[in-house]
Amino acid sequence: MALAHEAKGVGPVTIELTLPFAGAWQVRNSPADRVPSHGTTRFASAHAIDFVPVGGDERTAPLTWRSLLRPEPPERFPGFGRAIVSPVAGEVVGAHDGEPDHPAHRGLPSLGYALTQGRRAAAGWPALAGNHVLIRCEGGVVALCHLQRGSLTVTVGEQVRTGQPVGRCGNSGNSTEPHVHVQAIDRLPVEAAIAVPMTFGGRLPHNGEVVES
């Protein structure tokens, strides 16, 4: 089980996790570079981190003139459908499925998509997280978000082990391209929670870093 610990005089409790995937993934919106990592403290997301799956060239889907002008099918991205595993041992306390995997938005489409983010935030946590799994462990609750529709393999009340498959990488919820969003909170519901810092293998990777498990 991941351990929650507090360094003497250093800061708040931290949850130690393993990376929730295999292969190569690029770090985005890391709290190693700024807090709040996503520019907001809403929904206890101050210490959240994103991992974007990349191919053998350590890149996501190629950026073309077409992708700069139009939304793209999520299947075009190398990590869409990649397995997501539990980064911690614990109990599944939330499992939401059924949200569609919408097109990816880069270039000009991303600007229009950003204008609709307020609407999704007003709709609440499920609209932002998309398909997701919540796992209660020592020190808090870990959320894995934006999973592929119909891919969840766990149910509420189930005990999971570290490394156990829980779903697949998708593009549901508030997501501009297929990726997994990871955050830790101190309690449920998410709307009343406080963000909890995380480390992966004893460290927190920086933006742009490619990590492998």
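In this text, all values refer to a predicted model and were calculated from it rather than measured experimentally.
Residues passing the salt bridge (charged side-chain N to carboxylate O under 4.0 Å, His left out) test with R76 are E72, sequence neighbours excluded.
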Please report the C-alpha distance between H179 and W25 in whole Å, then the side-chain angles of each, then the deciding distance to 0.1 Å, and finally whether the ring-ring contact (aromatic ring centres under 6.0 Å, His included) criterion is met. CA-CA 9 Å; H179 74 288; W25 298 61; 9.2 Å; no
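The distance between the ring centers of H38 and H181 falls below 6.0 angstrom.
Side-chain contact check for V166 versus L152: every heavy-atom pair is 4.5 Å or farther apart. Here the side chains of R136 and L134 are not in contact, with every heavy-atom distance at 4.5 Å or above. Contact annotation: the side chain of P205 approaches that of I49 to within less than 4.5 Å [non-hydrogen atoms, C-beta and beyond]. H102 is not listed as a side-chain neighbour of E99, based on a closest heavy-atom distance of 4.5 Å or more. Side-chain contact between V160 and V92 is present, with at least one heavy-atom pair separated by less than 4.5 Å. Side-chain contact between H47 and V35: present, with at least one pair of heavy atoms (C-beta onward) separated by less than 4.5 Å. In this structure the side chain of V196 never reaches within 4.5 angstrom of the side chain of Q183, judged on heavy atoms. When side chains are defined from C-beta on, L204 counts as touching P31, because their heavy atoms get closer than 4.5 Å.
Atom OG of S175 sits about 8.0 Å away from atom CG of D50, to the nearest 0.5 Å. With values rounded to the nearest 0.5 angstrom, I84 atom CD1 is found 14.5 Å from H132 atom NE2. Put simply, CZ on R59 and CD on Q26 are 9.5 Å apart, with the number rounded to the nearest 0.5 Å. In this structure, CG on N131 lies 11.5 Å from SG on C169, to the nearest 0.5 angstrom. Between L69 atom CG and R106 atom CZ the span is 12.0 Å, to the nearest 0.5 Å.
The two residues A61 and P78 come nearest to each other via the heavy atoms N-CD, 3.6 Å. The two atoms that bring A193 and R187 nearest to each other are CB-O, 3.2 Å, heavy atoms only. Heavy-atom minimum distance, N207 versus R28: OD1-C, 3.4 Å. Here the closest heavy-atom approach between residue A195 and residue A44 is recorded as CB-O, 3.3 Å. Of all heavy-atom pairs spanning A104 and E177, the tightest one is CB-CA, 4.0 Å. The two residues R168 and S151 make their nearest non-hydrogen contact at N-OG, 2.9 Å.
In terms of hydrophobic clustering, with Ile, Leu, Val, Met, Phe, Trp and Tyr side chains grouped at heavy-atom distances under 4.5 Å, W125 and V182 are assigned to different clusters. Note on F21 and V133: same hydrophobic cluster, where clusters join Ile, Leu, Val, Met, Phe, Trp and Tyr whose side-chain heavy atoms are under 4.5 Å apart, directly or indirectly. Under a hydrophobic-cluster definition in which Ile, Leu, Val, Met, Phe, Trp and Tyr are linked whenever side-chain heavy atoms come within less than 4.5 Å, directly or via other members, L128 and L188 are assigned to the same cluster. V190 is not connected to V88 by any chain of hydrophobic side-chain contacts under 4.5 Å among Ile, Leu, Val, Met, Phe, Trp and Tyr, and they are in different clusters. A continuous path of hydrophobic side-chain contacts links I15 to L19 [ILVMFWY only; heavy atoms under 4.5 Å].
A 6.0 Å sphere centred on CZ of R70 holds no more than 12 heavy atoms belonging to other residues, nucleotides or ligands.
Between N171 and D101, the side chains place no donor N or O within less than 3.5 Å of an acceptor N or O (distance only, hydrogens not considered). Side-chain polar atoms of E158 and Q164 form a donor-acceptor pair below 3.5 angstrom. Residues E16 and T199 have side chains that bring a donor and an acceptor to within less than 3.5 angstrom of each other.
Side chain of S37 to backbone of R34: no donor-acceptor contact under 3.5 angstrom is found.
Under the ring pair (Phe, Tyr, Trp, His ring centres under 6.0 Å) criterion, the residue pairs touching residues 185-209 are F51-F200, with sequence neighbours excluded.
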N/O donor to acceptor pairs below 3.5 angstrom from side-chain atoms of residues 139-147, sequence neighbours left out:
{"unit_1": "H146", "atom_1": "ND1", "unit_2": "A129", "atom_2": "O", "d": "3.4"}
{"unit_1": "H146", "atom_1": "ND1", "unit_2": "S172", "atom_2": "O", "d": "2.8"}

